[in-house]
Amino acid sequence: MAPAVPLALLAMGLGLGLALPSCDYPTHLWCSSREIAVACQAESLCANLSRPTAAPVQLSLYYESLCPACQGFLVQQLFTTWVLLPTDVLNITLVPYVRTASCAHTACLMHEAENFTTYFPVIFCMESGSSATKNLKACLQVYAPQLDAGRITACVKGELGAALMHRNAQLTEALDPPHQYVPWVVINGKHTDELQKKAQDSLLRLVCQLYQGDKPKACKDTESPKAAAVCRR
(Lines give C-alpha, C1' and ligand atoms only; values in the text may rest on other atoms or scores of the structure.)
Protein backbone atom coordinates (compact mmCIF):
# COMPACT_ATOMS: atom_id res chain seq x y z
CA MET A 1 0.00 0.00 0.00
CA ALA A 2 1.31 3.45 -0.86
CA PRO A 3 2.15 5.69 2.08
CA ALA A 4 -0.53 8.13 3.10
CA VAL A 5 -0.05 11.66 1.81
CA PRO A 6 -1.01 14.55 4.12
CA LEU A 7 -3.93 16.52 2.68
CA ALA A 8 -2.03 19.80 2.84
CA LEU A 9 0.83 18.36 0.74
CA LEU A 10 -1.69 16.87 -1.70
CA ALA A 11 -3.30 20.27 -2.01
CA MET A 12 0.05 21.80 -2.85
CA GLY A 13 0.64 19.18 -5.52
CA LEU A 14 -2.72 19.99 -7.08
CA GLY A 15 -1.96 23.69 -7.12
CA LEU A 16 -4.15 24.60 -4.18
CA GLY A 17 -1.33 26.19 -2.26
CA LEU A 18 -0.75 26.31 1.46
CA ALA A 19 -3.39 27.71 3.76
CA LEU A 20 -2.73 31.13 5.23
CA PRO A 21 -2.12 31.49 8.95
CA SER A 22 -5.69 32.78 9.25
CA CYS A 23 -6.97 29.53 7.77
CA ASP A 24 -7.55 27.08 10.60
CA TYR A 25 -9.53 24.62 8.51
CA PRO A 26 -8.41 21.35 6.95
CA THR A 27 -8.24 21.39 3.14
CA HIS A 28 -11.31 19.22 2.68
CA LEU A 29 -13.40 21.98 4.28
CA TRP A 30 -12.04 24.89 2.26
CA CYS A 31 -15.01 24.87 -0.13
CA SER A 32 -17.67 24.20 2.51
CA SER A 33 -18.59 27.91 2.82
CA ARG A 34 -17.67 31.24 1.28
CA GLU A 35 -16.19 32.53 4.56
CA ILE A 36 -13.82 29.57 4.81
CA ALA A 37 -12.88 29.79 1.14
CA VAL A 38 -11.98 33.48 1.56
CA ALA A 39 -9.94 32.83 4.70
CA CYS A 40 -8.02 30.06 2.93
CA GLN A 41 -7.70 31.94 -0.38
CA ALA A 42 -9.47 29.12 -2.18
CA GLU A 43 -12.35 31.00 -3.84
CA SER A 44 -11.08 30.42 -7.37
CA LEU A 45 -10.91 26.70 -6.70
CA CYS A 46 -14.39 26.31 -5.28
CA ALA A 47 -16.70 25.98 -8.26
CA ASN A 48 -19.60 25.14 -5.99
CA LEU A 49 -19.58 28.62 -4.46
CA SER A 50 -21.40 31.03 -6.74
CA ARG A 51 -20.66 34.70 -6.36
CA PRO A 52 -23.24 36.98 -4.76
CA THR A 53 -25.75 38.19 -7.32
CA ALA A 54 -25.54 41.90 -8.07
CA ALA A 55 -28.71 43.96 -8.45
CA PRO A 56 -29.67 44.68 -12.07
CA VAL A 57 -29.48 48.20 -13.44
CA GLN A 58 -33.00 49.66 -13.39
CA LEU A 59 -34.00 51.66 -16.46
CA SER A 60 -37.35 53.35 -17.06
CA LEU A 61 -38.10 54.83 -20.46
CA TYR A 62 -40.82 57.47 -20.79
CA TYR A 63 -41.55 57.94 -24.46
CA GLU A 64 -44.03 58.65 -27.25
CA SER A 65 -44.67 55.99 -29.84
CA LEU A 66 -43.32 56.93 -33.29
CA CYS A 67 -41.49 60.02 -32.05
CA PRO A 68 -38.35 59.79 -34.24
CA ALA A 69 -35.97 60.34 -31.31
CA CYS A 70 -37.84 57.76 -29.23
CA GLN A 71 -37.78 55.27 -32.09
CA GLY A 72 -34.06 55.78 -32.54
CA PHE A 73 -33.30 55.23 -28.87
CA LEU A 74 -35.63 52.25 -28.42
CA VAL A 75 -34.61 50.45 -31.61
CA GLN A 76 -30.91 51.27 -31.83
CA GLN A 77 -29.93 51.52 -28.16
CA LEU A 78 -32.41 49.95 -25.77
CA PHE A 79 -33.38 46.84 -27.71
CA THR A 80 -29.80 46.18 -28.81
CA THR A 81 -28.53 46.48 -25.24
CA TRP A 82 -31.30 44.21 -23.95
CA VAL A 83 -30.47 41.54 -26.55
CA LEU A 84 -26.74 41.63 -25.82
CA LEU A 85 -26.89 41.49 -22.02
CA PRO A 86 -27.99 38.64 -19.74
CA THR A 87 -31.47 39.06 -18.30
CA ASP A 88 -30.19 39.63 -14.76
CA VAL A 89 -28.08 42.66 -15.70
CA LEU A 90 -30.75 45.11 -16.93
CA ASN A 91 -34.37 45.55 -15.85
CA ILE A 92 -36.47 47.74 -18.17
CA THR A 93 -39.78 49.53 -17.57
CA LEU A 94 -41.54 51.11 -20.55
CA VAL A 95 -44.00 53.95 -20.04
CA PRO A 96 -45.52 55.04 -23.37
CA TYR A 97 -47.72 58.07 -23.01
CA VAL A 98 -49.31 60.54 -25.34
CA ARG A 99 -52.96 60.55 -26.35
CA THR A 100 -52.52 58.68 -29.63
CA ALA A 101 -53.64 55.30 -30.87
CA SER A 102 -50.03 54.15 -31.18
CA CYS A 103 -49.29 54.59 -27.47
CA ALA A 104 -52.62 53.01 -26.55
CA HIS A 105 -51.82 49.98 -28.71
CA THR A 106 -48.45 49.66 -26.98
CA ALA A 107 -49.97 49.93 -23.51
CA CYS A 108 -52.63 47.34 -24.33
CA LEU A 109 -50.05 45.03 -25.88
CA MET A 110 -48.00 45.19 -22.67
CA HIS A 111 -51.10 44.46 -20.59
CA GLU A 112 -52.15 41.54 -22.77
CA ALA A 113 -48.70 39.94 -23.01
CA GLU A 114 -47.69 40.62 -19.37
CA ASN A 115 -44.20 39.16 -19.87
CA PHE A 116 -41.54 41.68 -20.92
CA THR A 117 -39.66 39.13 -23.01
CA THR A 118 -42.87 38.56 -24.97
CA TYR A 119 -43.94 42.13 -25.68
CA PHE A 120 -40.61 43.96 -26.06
CA PRO A 121 -39.66 42.31 -29.38
CA VAL A 122 -43.15 43.18 -30.68
CA ILE A 123 -42.70 46.82 -29.61
CA PHE A 124 -39.28 46.84 -31.27
CA CYS A 125 -40.90 45.62 -34.48
CA MET A 126 -43.73 48.15 -34.26
CA GLU A 127 -41.37 51.07 -33.61
CA SER A 128 -39.11 50.01 -36.47
CA GLY A 129 -41.81 50.92 -38.99
CA SER A 130 -43.75 54.03 -39.90
CA SER A 131 -47.05 53.01 -38.31
CA ALA A 132 -47.19 51.10 -35.04
CA THR A 133 -50.90 50.36 -35.38
CA LYS A 134 -50.61 49.05 -38.95
CA ASN A 135 -47.56 46.97 -38.02
CA LEU A 136 -49.23 45.34 -35.02
CA LYS A 137 -50.63 42.23 -36.72
CA ALA A 138 -47.50 41.55 -38.74
CA CYS A 139 -45.26 42.03 -35.70
CA LEU A 140 -47.42 39.72 -33.61
CA GLN A 141 -47.24 37.02 -36.28
CA VAL A 142 -43.43 37.14 -36.18
CA TYR A 143 -42.68 37.65 -32.49
CA ALA A 144 -45.76 36.65 -30.50
CA PRO A 145 -48.24 34.61 -32.57
CA GLN A 146 -49.92 33.41 -29.38
CA LEU A 147 -51.33 36.89 -28.76
CA ASP A 148 -54.67 37.99 -30.23
CA ALA A 149 -54.55 41.28 -32.15
CA GLY A 150 -58.33 41.54 -31.77
CA ARG A 151 -58.10 41.58 -27.98
CA ILE A 152 -55.48 44.31 -28.11
CA THR A 153 -57.62 46.41 -30.45
CA ALA A 154 -60.64 45.92 -28.19
CA CYS A 155 -58.53 47.08 -25.24
CA VAL A 156 -57.54 50.23 -27.12
CA LYS A 157 -61.16 51.10 -27.87
CA GLY A 158 -62.52 50.22 -24.44
CA GLU A 159 -62.32 51.36 -20.83
CA LEU A 160 -59.24 49.27 -20.13
CA GLY A 161 -57.21 51.14 -22.73
CA ALA A 162 -58.30 54.46 -21.28
CA ALA A 163 -57.38 53.29 -17.78
CA LEU A 164 -53.94 52.13 -18.90
CA MET A 165 -53.23 55.43 -20.59
CA HIS A 166 -54.46 57.33 -17.53
CA ARG A 167 -52.04 55.35 -15.36
CA ASN A 168 -49.15 56.09 -17.71
CA ALA A 169 -50.12 59.75 -17.68
CA GLN A 170 -49.96 59.79 -13.89
CA LEU A 171 -46.55 58.11 -13.90
CA THR A 172 -45.26 60.59 -16.46
CA GLU A 173 -46.61 63.65 -14.68
CA ALA A 174 -45.14 62.43 -11.38
CA LEU A 175 -41.59 62.52 -12.72
CA ASP A 176 -39.12 64.51 -10.60
CA PRO A 177 -37.63 66.47 -12.21
CA PRO A 178 -40.53 66.92 -14.66
CA HIS A 179 -39.77 65.62 -18.13
CA GLN A 180 -38.98 68.27 -20.73
CA TYR A 181 -38.63 66.04 -23.77
CA VAL A 182 -38.79 62.44 -24.89
CA PRO A 183 -37.24 59.94 -24.72
CA TRP A 184 -36.80 60.59 -20.98
CA VAL A 185 -34.48 58.06 -19.39
CA VAL A 186 -34.48 57.30 -15.66
CA ILE A 187 -31.71 55.03 -14.40
CA ASN A 188 -31.72 53.56 -10.91
CA GLY A 189 -34.43 56.05 -9.98
CA LYS A 190 -32.53 59.12 -11.20
CA HIS A 191 -32.60 61.40 -14.22
CA THR A 192 -29.77 63.80 -14.94
CA ASP A 193 -28.57 65.46 -18.12
CA GLU A 194 -25.35 63.48 -17.82
CA LEU A 195 -27.12 60.12 -17.53
CA GLN A 196 -29.41 61.03 -20.43
CA LYS A 197 -26.48 61.93 -22.67
CA LYS A 198 -24.54 58.79 -21.76
CA ALA A 199 -27.61 56.64 -22.36
CA GLN A 200 -28.17 58.12 -25.81
CA ASP A 201 -24.49 58.00 -26.74
CA SER A 202 -24.04 54.35 -25.75
CA LEU A 203 -26.54 52.71 -23.44
CA LEU A 204 -24.60 49.45 -23.44
CA ARG A 205 -21.47 51.18 -22.19
CA LEU A 206 -23.42 53.00 -19.47
CA VAL A 207 -25.15 49.86 -18.21
CA CYS A 208 -21.85 48.00 -18.18
CA GLN A 209 -20.29 50.81 -16.13
CA LEU A 210 -23.14 50.85 -13.62
CA TYR A 211 -23.56 47.10 -13.17
CA GLN A 212 -21.76 45.99 -10.01
CA GLY A 213 -21.58 42.26 -10.77
CA ASP A 214 -19.23 40.30 -13.00
CA LYS A 215 -19.13 42.06 -16.34
CA PRO A 216 -20.77 39.99 -19.09
CA LYS A 217 -18.98 39.31 -22.35
CA ALA A 218 -20.89 42.04 -24.21
CA CYS A 219 -19.29 44.67 -21.97
CA LYS A 220 -15.92 44.06 -23.61
CA ASP A 221 -17.16 45.92 -26.66
CA THR A 222 -19.36 48.72 -25.39
CA GLU A 223 -19.84 50.74 -28.53
CA SER A 224 -23.38 50.76 -29.90
CA PRO A 225 -25.06 52.90 -32.59
CA LYS A 226 -25.81 56.51 -31.76
CA ALA A 227 -29.48 57.41 -31.42
CA ALA A 228 -31.27 60.54 -32.59
CA ALA A 229 -31.61 63.56 -30.31
CA VAL A 230 -34.92 64.35 -28.56
CA CYS A 231 -38.44 65.49 -29.34
CA ARG A 232 -39.14 68.68 -27.41
CA ARG A 233 -42.48 69.08 -25.70
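It should be emphasised that the depicted structure is a prediction, and the values quoted were computed from it without experimental measurement.
With sequence neighbours excluded, no residue satisfies salt bridge (Lys or Arg N to Asp or Glu O under 4.0 Å) with Arg167.
When side chains are defined from C-beta on, Ile92 does not count as touching Ser60, because their heavy atoms never get closer than 4.5 Å. Between Val89 and Val207, the closest side-chain pair of non-hydrogen atoms falls below 4.5 Å. A 4.5 Å side-chain heavy-atom check between Gln196 and Tyr181 finds at least one atom pair inside the cut-off. At a threshold of 4.5 Å between non-hydrogen side-chain atoms, the residues Pro96 and Tyr62 do not count as touching. Side-chain atoms of Leu59 and Val186, non-hydrogen and from C-beta on, never get closer than 4.5 Å to each other. Here the side chains of Pro183 and Gln200 are in contact, with some heavy-atom distance below 4.5 Å. In this structure, Leu61 and Thr93 have side chains that are not in contact, with every pair of non-hydrogen atoms separated by 4.5 Å or more. Considering only heavy atoms from C-beta on, Val182 comes within 4.5 Å of His179 through its side chain.
The backbone N or O of Gln71 lies less than 3.5 Å from no partner atom in the side chain of Glu127, so there is not a single donor-acceptor pair. Judged purely by atom type and a 3.5 angstrom limit, Ser202 has no side-chain atom pairing as donor or acceptor with the backbone of Lys198. With Lys215 contributing its side chain and Lys220 its backbone, the two residues share no donor-acceptor pair below 3.5 Å.
Hydrophobic cluster membership differs between Val156 and Met110, with clusters built from Ile, Leu, Val, Met, Phe, Trp and Tyr side chains linked at under 4.5 angstrom. A single hydrophobic cluster is not seen to contain both Leu160 and Leu94; linkage of ILVMFWY side chains at heavy-atom distances under 4.5 Å, directly or through other members, places them apart. Hydrophobic cluster membership differs between Leu66 and Leu164, with clusters built from Ile, Leu, Val, Met, Phe, Trp and Tyr side chains linked at under 4.5 angstrom.
The side-chain contact (heavy atoms from CB on, under 4.5 Å) test with Leu203 singles out one residue from Val185, Leu78, Leu85, and that residue is Leu78. When Phe73, Phe116, Tyr143, Phe124 are each tested for a ring-ring contact (aromatic ring centres under 6.0 Å, His included) with Phe79, only one passes: Phe124.
Note on Lys197 versus Asp201: salt bridge recorded, some NZ/NE/NH1/NH2 to OD/OE distance being below 4.0 Å.
Checked against a 6.0 Å centroid threshold, the rings of Trp30 and Tyr25 do not count as neighbours.
In this structure, Glu194 places its CD atom where only 12 or fewer heavy-atom neighbours from other residues, nucleotides or ligands lie under 6.0 Å away. Around atom CD of Gln146, more than 12 heavy atoms belonging to other residues, nucleotides or ligands sit under 6.0 Å away.
Of the N and O atoms on the side chains of Gln58 and Asn188, not one donor lies less than 3.5 Å from an acceptor on the other residue.
Distance check: Ser128 OG to Gln76 CD gives 9.5 Å after rounding to the nearest 0.5 Å.
Taking each heavy atom of Ser102 and Ser65 in turn, the nearest pair found is CB-OG, 3.3 Å.
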